[in-house]
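In what follows, every heavy atom counts, from backbone to side chain, and hydrogens, waters and symmetry copies are set aside.
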Amino acid sequence: EICNGLDDDCDGVIPADEDDFDVDGVLVCEGDCDDLVATVYPGAPELCNAVDDDCDGAPGPDEVDADGDG
């Protein structure tokens, strides 16, 4: 199997990381870190929602509550 959304080994199964459940055009094997949310994928704009929208491992820099006051 290679990351292309096809059943390359002809076993009748497309691996879960090659399915695009949220239909954002990015497969999990291509770096989509939350394939249930269409606004989350590599290169997505960071929204003010405390979520790592662009899959870089952290929410946007302006989304950190450094003083912990909520």
Side-chain angles (χ1 to χ4, degrees):
E1 290 286 352
I2 59 174
C3 184
N4 61 6
L6 302 173
D7 179 18
D8 297 304
D9 64 4
C10 299
D11 67 355
V13 177
I14 296 174
D17 68 343
E18 291 187 45
D19 208 343
D20 187 16
F21 294 107
D22 61 8
V23 195
D24 61 6
V26 183
L27 305 173
V28 172
C29 59
E30 295 173 324
D32 193 337
C33 59
D34 188 343
D35 201 39
L36 298 178
V37 180
T39 57
V40 175
Y41 56 87
E46 280 289 358
L47 306 174
C48 188
N49 58 5
V51 172
D52 179 17
D53 298 297
D54 63 3
C55 297
D56 70 352
D62 60 345
E63 296 182 59
V64 178
D65 181 16
D67 63 3
D69 64 358

* Audit row: D52, E46, side chain to side chain contact (heavy atoms under 4.5 Å, CB included) steps and yes/no -> CA-CA 7 Å; D52 179 17; E46 280 289 358; 3.5 Å; yes

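- Between C55 and V40, the shortest heavy-atom contact is SG-CG1, 3.8 Å.
- The side-chain heavy atoms of D20 and V26, taken from C-beta on, include no pair separated by under 4.5 Å.
- F21 and A16 get closest at one heavy-atom pair: CE1-O, 3.9 Å.
- For D8, the side chain to side chain donor-acceptor pair (under 3.5 Å) test picks out N4, with sequence neighbours left out.
- For the pair D54 (side chain) and G43 (backbone), a donor-acceptor distance under 3.5 Å is absent.
- Side-chain atoms of D53 come within 3.5 Å of backbone atoms of L47 as a donor-acceptor pair (strictly under, hydrogens ignored).
- Residues satisfying the side chain to side chain donor-acceptor pair (under 3.5 Å) test with D24, not counting sequence neighbours, are none.
- Nearest heavy-atom pair, T39 versus A44, reported as atom, atom and distance to 0.1 Å: O-CB, 3.5 Å.
- Residues satisfying the side chain to side chain donor-acceptor pair (under 3.5 Å) test with D32, not counting sequence neighbours, are none.
- Residues meeting the side chain to side chain contact (heavy atoms under 4.5 Å, CB included) test with C3, sequence neighbours left out: L27, C29, E30.
- Atom CG of D35 is separated from atom OH of Y41 by 13.0 Å, given to the nearest 0.5 angstrom.
- Residues satisfying the side chain to side chain contact (heavy atoms under 4.5 Å, CB included) test with P59, not counting sequence neighbours, are E63.
- In this structure, the side chain of D7 engages the main chain of G12 through a donor-acceptor pair within 3.5 Å.
- Taking both residues in full, the closest heavy atoms of E1 and D11 are given as OE2-OD1, 4.3 Å, listed atom of the first, atom of the second, then distance.
- In this structure, V28 stands alone, with no Ile, Leu, Val, Met, Phe, Trp or Tyr side-chain heavy atom under 4.5 Å from its own, directly or through other members.
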